[in-house]
Amino acid sequence: MTTHHPFPWPDHLYLIANPAATGKADHSPFVRNGVAPSRDTMGSKAFNLLRMAQAGLPVPSALVLGTHYAHHRKQCIRPLFDTGIPALEQTSGYLFGDTRKPLIVSVRSGAPISMPGMMETLLNIGLCDATLPGLLRQTGNPRLVWDAYRRLVASFGEVVEGLPASLFENALQDLTQGRDERLLDFSELRQLTRTFLALYAEHAGHPFPQDVRQQLARAVLAVFSSWDSNKAREYRKLNGIDSAMGTAVTIQRMVFGNAGGRSGAGVGFTRNPSNGEPALWIDFLANAQGEDVVSGRRNAHGHEAMADLAPEAWEELSEATRTLEQVFGDMQDFEFTVEDSQLYLLQARSGKRTPLAAARIALDLHDEGLIDRATALQRTEALQDAELSTAHLASDSGAPARPVGQAASACSGVCSGEIALDPQRAAKRAAKGKDVILVRNDAETNDIAALEQSVGLLTRNGARTSHAAVVARQLGKVCLVGCETLRIDSSDGSIQLGELTLREGDTLTLDGNQGLVYQGYIATVREPDQQVIERLGQLRKGK
């Protein structure tokens, strides 16, 4: 099919139009003109979206501003509005800024090489006072529209205006008074939105933009600019990534996991990223948006919550993830949304994993016929037998001491170290040769430099699949998140674990195998995975 546009299609613009996510049969899975799509030209995330759409997976329609624009940012604005948005409107059936049937979009980054959580994302772009009634008519869900609007005001203030996240988080806590924010009704969310709008105007010095074109333009430029953020620079430095490649930006039709009922958002891995076991590894939050899971500021639940809430979507996800591995030939880290029981996949990429998981996954994929021997050898050639082991608590004198806390384990293993409550102290103590455990309220990627210098991470909030936990796993750090009994008093330099009070410099032991926290130092032993070591040896010998 040929799609007609009022202007010539720009070289560095891409459109992913997916009939599997729209129910329309009159669109090809991909419409483009200009430079051929590749990981280098449209970024890894968008290129994977294209392949997912071509495989018939439910991917919402998306417009991609190619990596070329990362170094020519202002040049993207005219083609975005002259050509891109009209094309996205045509494929989605919604109109950007329309008061009756508004198109609401997300704006996401995506470099040729995956950099989880290092750049910014904005959701719900296109909502304003004028379009809110139209979204309400579409959805019939006042709670959804006010929840989406307050999220937009807060994230736009934080990402685009540079306002502190605590400004909006504190207002939310004042309203909830300890209640789960997902239990707020529409009138409370409307009140919260008005509070957020007032805070935005007061601290930004001007009102929140009601012009949706201004919203989108500023969001796109902010996401491009996040390529140069401190945490992104640090990640590239740690991983030897060339800053010249830049990032693409994907503008995608919103689907709403905060639609109540049988809705939610999640992140998962097609196999266990800690030990490689061939089972889905899912974090899911009902009646939530994806940023709740990956931000590290909220706790999440496992796949059982999704299976209970939306069993048909769970079955569809199980089948879709098998397709993902067939398409990409590797274990995938993916994000998804369930809107009124309908599953949508938002992204997929090869998942970060421990060395032990890397070996087992490569061996299993080879045995399953998804990769050939040469690929399995290439993926495991740098692995040494010593890496194919897991640290366990030593039990020479019987059971170890009673744990003082429990949390969700994002990365297995055991570590002991002294408590540090901020990145500066962690860096200072690590420079003196001390083993440090970084203890934080949230699992945030802003702490990447300190995390690299620490032996472990313990947080009060966060999910196993939050971006910071993903990075910790990639760095081989023991990581426990969502320790609900943890309280941190930064002003006093102390923490509480239940009734126990500890101070910076005191020692903790994190058991990432069992998800337990112990006071003091506990000796460890390393247990090699002999089965994986033997299988890898046979692969290398050609048996």
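Side-chain atoms of Glu335 never come within 3.5 Å of backbone atoms of Leu345 as a donor-acceptor pair (strictly under, hydrogens ignored). Distance alone, capped at 3.5 Å, is enough to place a donor-acceptor pair between the Gln215 side chain and the Pro209 backbone. Thr193 contributes a side-chain N or O that, together with a main-chain N or O of Trp146, makes up a donor-acceptor pair within less than 3.5 Å.
Using a 4.0 Å cut-off between charged nitrogen and carboxylate oxygen, Asp330 and Arg353 count as a salt-bridge pair.
Ring geometry for Phe336 versus Phe334: interplanar angle of 30 to 60°, hence tilted.
When all heavy atoms of Ser416 and Asp435 are compared, the closest pair comes out as O-CB, 3.5 Å. Leu184 and Arg179 get closest at one heavy-atom pair: CD2-NH2, 3.4 Å.
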Next item on the list: Would you please test Met245 and Trp227 for side chain to side chain contact (heavy atoms under 4.5 Å, CB included) and show each step?
Entry: CA-CA 10 Å; Met245 69 174 60; Trp227 174 255; 3.7 Å; yes
Check: Checking side chain to side chain contact (heavy atoms under 4.5 Å, CB included) for the pair Thr121/Leu123: CA distance, chi angles, key distance, verdict?
Finding: CA-CA 7 Å; Thr121 293; Leu123 307 180; 3.8 Å; yes
Checklist line | Val439/Leu486 under side chain to side chain contact (heavy atoms under 4.5 Å, CB included): CA gap, chis, key distance, verdict | finding: CA-CA 9 Å; Val439 182; Leu486 172 65; 3.9 Å; yes
Notebook entry, point to check: Should Thr509 and Cys415 be marked as a side chain to side chain contact (heavy atoms under 4.5 Å, CB included) after you check the CA-CA gap, both sets of side-chain angles, and the distance that decides it?
Noted result: CA-CA 6 Å; Thr509 294; Cys415 68; over 6 Å; no
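For Phe156 and Phe208, the ring centers sit closer than 6.0 Å to each other.
The distance from atom OG of Ser274 to atom CG of Asn513, rounded to the nearest 0.5 Å, is 9.0 Å. Taken to the nearest 0.5 Å, the CZ atom of Arg73 stands 12.5 Å off from the CG atom of Leu65. Rounding to the nearest 0.5 Å gives a distance of 6.5 Å between OG of Ser155 and CD1 of Ile125. Taken from CZ in Arg108 to CD1 in Ile251, the straight-line distance is 12.0 Å, to the nearest 0.5 Å.
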Under 3.5 Å, which donor-acceptor pairs do the side chains of residues 493-503 form with other protein atoms, sequence neighbours left out?
unit_1, atom_1, unit_2, atom_2, d
Ser494, OG, Asp492, OD2, 3.0
Arg503, NH1, Asp492, OD2, 3.4
Arg503, NH2, Asp492, O, 2.5
Arg503, NH2, Asp492, OD1, 3.2

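Looking only at atom types and distance, the side chain of Glu161 has a donor-acceptor partner in the side chain of His206 under 3.5 Å away. A donor and an acceptor atom, one from each side chain of Arg440 and Thr459, are nowhere located under 3.5 Å apart. For the 3.5 Å distance criterion, the side chains of Ser44 and Arg39 qualify, holding a donor opposite an acceptor. For the 3.5 Å distance criterion, the side chains of Glu484 and Asn461 fail to qualify, holding no donor opposite an acceptor.
Residues Tyr518 and Leu510 form no side-chain contact, since every pair of their non-hydrogen atoms from C-beta on lies 4.5 Å or further apart. The side-chain heavy atoms of Val145 and Tyr149, taken from C-beta on, include no pair separated by under 4.5 Å. The shortest distance between side-chain heavy atoms of Met331 and Ser350 does not fall below 4.5 Å. When side chains are defined from C-beta on, Met306 counts as touching Leu317, because their heavy atoms get closer than 4.5 Å.
Cation-pi check for Arg271 over Trp281 is not met; the charged atom does not lie both under 6.0 angstrom from the ring centroid and within 45 degrees of its normal.
Enclosure of atom CG in Asn230 is not indicated, since only 12 or fewer non-hydrogen atoms of other residues, nucleotides or ligands lie within 6.0 angstrom.
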